[in-house]
Amino acid sequence: LNSYQDYTHSLYFVDKYLAIDPNNLDFLETKGFALECLGDHTQAIALYNRVLDLDPYHISTWHYLGALYLDSGNYSEALKAFDYVLAIDPHNTIALSQKAYCLFYQDDFAKAAECCRQFLQFFPDDDLLLMLLGECYNNLGDTDRALKAFRKAVALNPDAPEGHIAIGE
């Protein structure tokens with residue numbers, strides 16, 4: 001339903017289904033996402049937490065909750081959500097990359113760099129995480145490793161101006 005981006009319409013149908021099955025995790029999560037997209041973050045968080053009360057291992061809901069917190073600048077809560085995902089699935093690369101951003105925004109550059117390196121073991125050609133890794137190294141004062149990460153990112157995506165700026169081109 002949400003693929004049509006008509007979230008109000010989606011809510012109408014989801015509420016019909018929830019009237020029949022009020023604890024359906026997928027419909028609760030879908031309703032939370034629709035409310036989030038409509039800007040009602042308080043209700044979205046409440047629904048995501050309801051899903052997690054019913055099933056604390058519902059990874060996609062942890063992702064939605066973490067992303068909502070990350071987007072709203074609540075990095076400590078986002079970090080908790082992504083840590084739950086990683087406790088359930090230690091190789092979840094989406095949570096690992098999002099955790100790296102949370103740590104970076106909290107100025108914990110060493111831990112953010114570690115998350116980037118772990119992520120890059122799975123996806124060594126991800127130019128965005130290479131840029132983040134370079135920023136982490138730069139903030140840690142390790143210009144050699146920062147330049148190496150930036151240069152690799154530029155080689156992978158020569159059209160991204162951020163990489164060229166980072167290496168001084």
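Residue indices begin at 1 and follow the sequence shown.
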**Message:** Which residue is it: E29, E36, H63? I am looking for the one with a side-chain hydrogen bond (donor to acceptor under 3.5 Å, both in side chains) to Y48.
**Reply:** E36

Same cluster for [X] and [Y] if Ile/Leu/Val/Met/Phe/Trp/Tyr side chains link at under 4.5 Å?
X    : Y   : value
I88  : V51 : yes
L11  : L18 : yes
L79  : Y64 : no
F109 : Y75 : yes

So which atom in [X] and which in [Y] form the shortest heavy-atom distance, rounded to 0.1 Å?
X    : Y    : result
A100 : C115 : CB-CB, 3.6 Å
I59  : D89  : CD1-CB, 4.0 Å
A95  : V85  : CB-CG1, 3.5 Å
L47  : G32  : CD1-N, 3.8 Å
C102 : A78  : SG-CB, 3.5 Å

**Request:** Evaluate side-chain contact (heavy atoms from CB on, under 4.5 Å) for V14 paired with L28, printing each intermediate quantity in order.
**Result:** CA-CA 8 Å; V14 168; L28 289 169; over 6 Å; no

**Message:** Among residues at least two apart in sequence or on other chains, which ones pass side chain to side chain donor-acceptor pair (under 3.5 Å) with D126?
**Reply:**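 Side chain to side chain donor-acceptor pair (under 3.5 Å) list for D126, sorted by chain: empty.
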
**Asked** Quick one: side chain to side chain donor-acceptor pair (under 3.5 Å) partners of K80, sequence neighbours excluded?
**Response**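 Applying side chain to side chain donor-acceptor pair (under 3.5 Å) to K80 gives E77.
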
**Request:** Check Y57, W62, Y69 against Y84 for a ring-ring contact (aromatic ring centres under 6.0 Å, His included) and give me the one that passes.
**Result:**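 Testing Y84 for a ring-ring contact (aromatic ring centres under 6.0 Å, His included) against Y57, W62, Y69 leaves exactly one candidate, W62.
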
**Asked** Donor-acceptor pair, N139 side chain versus E135 backbone, under 3.5 Å?
**Response**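 Between the backbone of E135 and the side chain of N139 there is a qualifying donor-acceptor contact (under 3.5 Å).
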
To the nearest 0.5 angstrom, please state how far the [atom1] atom of [X] sits from the [atom2] atom of [Y].
X    : Y    : atom1 : atom2 : value
M131 : L128 : CE    : CG    : 8.5 Å
N138 : T143 : CG    : OG1   : 7.5 Å
D26  : T61  : CG    : OG1   : 8.0 Å
C136 : L132 : SG    : CG    : 4.5 Å
Y137 : C116 : OH    : SG    : 8.5 Å
K99  : I94  : NZ    : CD1   : 16.0 Å

**Asked** Between E114 and R117, does a salt bridge (charged side-chain N to carboxylate O under 4.0 Å, His left out) hold up when you go through it step by step?
**Response** CA-CA 5 Å; E114 177 57 30; R117 287 190 298 268; 2.8 Å; yes

**Asked** Considering only heavy atoms from C-beta outward, does the side chain of H41 approach that of L35 to under 4.5 Å?
**Response** no

**Request:** Step through it carefully: locate the ring centre of F119, locate the ring centre of F123, and say whether they are under 6.0 Å apart.
**Result:**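 Yes.
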
**Request:** Assess whether side-chain contact (heavy atoms from CB on, under 4.5 Å) is satisfied between N49 and L65, documenting all intermediate values.
**Result:** CA-CA 8 Å; N49 282 323; L65 186 61; 3.8 Å; yes

**Request:** Give me the ring orientation class for F122 and H91: parallel if the planes are under 30° apart, tilted from 30 to 60°, perpendicular past 60°.
**Result:**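 F122 and H91: perpendicular rings.
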
**Message:** If you apply the rule side-chain contact (heavy atoms from CB on, under 4.5 Å), what do you find for Q106 with L103, and how did you get there?
**Reply:** CA-CA 5 Å; Q106 290 181 318; L103 291 165; 4.1 Å; yes

